[in-house]
Amino acid sequence: MAGTEVKVRGESVFAERFAVFAECLLTGVWIAVASLGVVTYPAAFAAGARHLRRRTAHEGGGWREFVADFRTALRAGWLAGVAGWAAAAAVWVDVQAARAGIPGGPLVGAVGVAALIGLVVAGLRAAAVWEPGARWRTLLAHAGRRTVLDPAGSFLIVGGLAVVAVSAWFAAPLALPVLGAVAAAAVAVEARYRHR
């Protein structure tokens, strides 16, 4: 029939959101595998966050692009990984001092744990906006400011980290895919911050 229009049906909103959720879980597994190098976790989260940004923008991308981004992010990102482990070691010493009953130890331990949580949130926020060519030092400095200036967004990321911890406590393998949800939360928090 002449003049008949054919309506093309797209994905339903439910199907699209479920696809993004499934992509987050898959990305979490990729992040976990890429983090096996111990100091590679910042690069793994950066590559995962970039993959999720591409996915939500309906751009191409898959495992190969994730690996390419991971390699690029790793060039300087491993130094951020070393710094993160050094901060964790310092907090461990603080907590041990608090447990040993040293005067002022509980306060020092609490401040150390709070600072470590702030550093983890800043690291995730930095990874969420990473692009090839970006300097980790600059990313972390700006992310530290956003962590303080956007406490609601930072709290959302802490909530995502709590979900990973509970998942690991409940069943350790569940923590792996949930890492992708944390990366997605960091991407969403950064997008929210940009559009405020």
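Small disclaimer: the values here were computed from a predicted structure and weren't measured.
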Q. Stepwise, does the side-chain contact (heavy atoms from CB on, under 4.5 Å) test hold for R135 with L140?
A. CA-CA 9 Å; R135 295 176 46 95; L140 289 166; over 6 Å; no

Q | Pairwise side-chain hydrogen bond (donor to acceptor under 3.5 Å, both in side chains) hits with a residue in residues 92-121, at least two apart | A | none

Q: Could you go through the side-chain contact (heavy atoms from CB on, under 4.5 Å) check for Y193 and L149 one step at a time?
A: CA-CA 10 Å; Y193 184 81; L149 297 175; 4.1 Å; yes

Q: Determine which pairs satisfy salt bridge (Lys or Arg N to Asp or Glu O under 4.0 Å) with at least one residue from residues 102-126, sequence neighbours left out, and list them in order.
A: R125-D150, R125-E190

Q: May I ask whether V178 and F45 are part of the same hydrophobic cluster, defined by side-chain heavy atoms of I, L, V, M, F, W, Y residues being less than 4.5 angstrom apart, directly or through others?
A: yes

Q: Hey, could you give me each pair passing side-chain hydrogen bond (donor to acceptor under 3.5 Å, both in side chains) that has a residue in residues 23-41? Not counting sequence neighbours.
A: E23-H51

Q | T147 backbone acceptor or donor facing S154 side chain under 3.5 Å | A | yes

Q: Output all residues satisfying salt bridge (charged side-chain N to carboxylate O under 4.0 Å, His left out) with R64, sequence neighbours left out; order by chain, then residue number.
A: none

Q: Please confirm whether the backbone N or O of W136 pairs with a side-chain atom of W130, one donor and one acceptor, at under 3.5 Å?
A: no

Q: Tell me, please, which residues at least two apart from E65 pass side chain to side chain donor-acceptor pair (under 3.5 Å).
A: none

Q. Which residues satisfy the salt bridge (charged side-chain N to carboxylate O under 4.0 Å, His left out) test with R145, sequence neighbours excluded?
A. none

Q) Only one of L161, L119, V189, V158 forms a side chain to side chain contact (heavy atoms under 4.5 Å, CB included) with L124, so which one is it? A) L161

Q. Minimum heavy-atom separation for I31 to A183, with atom names?
A. CD1-CB, 3.9 Å

